[in-house]
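Since the structure comes first, as structure tokens, the remarks are kept for the end.
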Amino acid sequence: VQLQASGGGLVQAGGSLRLSCAASGRRAFSSYAIGWFRQAPGGELEFVAVINWSGGSTYYAASVKGRFTISRDNAKNTVSLQMNSLKPEDTAVYYCAAETNYLWFTNQDQAMMRDEYDYWGQGTLVTVSS
């Protein structure tokens, strides 16, 4: 599985951005979950959101719930992260990652653990100015 994240950029606080994660490889895209993580300057990697293989189940970090929406298009092998009402504290490098071992996570705590994901894309930088 290869993942390619895109869509980052500079936006003012209150604005919106849409990130995309394009997947390729021999494994069928519709068979695994895709998550987004982020790492702020000087900070640790933080879970943002995850979507299951069908798009029917999602988890969100409390800090983004109600502002971010994760979705997927299995026909196009892409997962999107729509980010609205952006805040300066959303500034980070955003990474997409694939979890290919389970049908779905047991709970959100498991979904938030970086070690549960076995393929990672390169990051895309999101900068939110105040």
Side-chain angles (χ1 to χ4, degrees):
V1 175
Q2 292 83 45
L3 303 173
Q4 178 86 25
S6 62
L10 175 63
V11 64
Q12 288 189 330
S16 298
L17 273 178
R18 188 177 182 89
L19 304 184
S20 291
C21 178
S24 60
R26 298 174 64 181
R27 180 76 180 255
F29 179 72
S30 60
S31 67
Y32 53 84
I34 294 285
W36 286 96
F37 287 73
R38 66 186 182 184
Q39 188 166 24
E44 296 187 352
L45 196 65
E46 174 190 27
F47 169 80
V48 175
V50 65
I51 190 165
N52 79 329
W53 63 274
S54 69
S57 295
T58 58
Y59 290 127
Y60 293 93
S63 58
V64 307
K65 198 167 187 178
R67 299 188 298 122
F68 291 11
T69 302
I70 190 170
S71 61
R72 68 189 294 155
D73 184 338
N74 286 343
K76 296 182 178 179
N77 287 10
T78 59
V79 167
S80 297
L81 184 69
Q82 178 66 40
M83 306 185 296
N84 298 329
S85 302
L86 282 162
K87 305 174 182 180
E89 50 264 43
D90 294 318
T91 294
V93 177
Y94 284 70
Y95 300 89
C96 58
E99 192 296 300
T100 64
N101 296 309
Y102 313 124
L103 187 61
W104 186 228
F105 297 102
T106 300
N107 52 46
Q108 180 158 347
D109 287 342
Q110 183 188 22
M112 294 173 64
M113 297 173 62
R114 62 178 297 177
D115 289 344
E116 294 291 338
Y117 296 80
D118 39 0
Y119 297 95
W120 292 79
Q122 91 299 347
T124 186
L125 177 62
V126 173
T127 304
V128 184
S129 63
S130 57

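Excluded from the calculations below are hydrogen atoms, water molecules and symmetry mates; all remaining heavy atoms, backbone and side chain alike, are included.
Ring-plane geometry between Tyr95 and Trp120 is classed as perpendicular, the angle between the planes exceeding 60 degrees on a 0 to 90 degree scale with a lower cut at 30. Under the 30°/60° scheme for interplanar angles, the aromatic rings of Phe105 and Tyr117 are found to be tilted.
Taking all atoms of both residues into account, the shortest heavy-atom contact from Leu125 to Ala92 is CD1-O, 3.6 Å. Minimum heavy-atom separation, Val1 to Ala98: CG1-CB, 4.3 Å. Shown here for Arg67 and Leu86, the closest heavy-atom pair between the two residues is NH1-CA, 3.9 Å. In this structure, Tyr60 and Ile70 approach most closely via the heavy-atom pair OH-N, 2.8 Å. Here the closest non-hydrogen pair linking Ser129 and Leu10 is CB-CD1, 4.4 Å. Closest approach of Glu46 and Ser63 over heavy atoms only: OE2-OG, 3.8 Å.
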Give the intermediate values and the outcome of side chain to side chain contact (heavy atoms under 4.5 Å, CB included) for residues Ser71 and Arg18.
-> CA-CA 11 Å; Ser71 61; Arg18 188 177 182 89; 3.9 Å; yes
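Around CZ of Arg114, the count of heavy atoms belonging to other residues, nucleotides or ligands within 6.0 Å does not exceed 12.
Side chain of Asn77 to main chain of Gly25: no donor-acceptor pair is present (N/O by atom type, distance under 3.5 Å, no hydrogens or angles). Distance alone, capped at 3.5 Å, places no donor-acceptor pair between the Arg72 side chain and the Ala33 backbone. Using modelled atom types, no side-chain atom of Tyr119 and backbone atom of Cys96 make a donor-acceptor pair closer than 3.5 Å.
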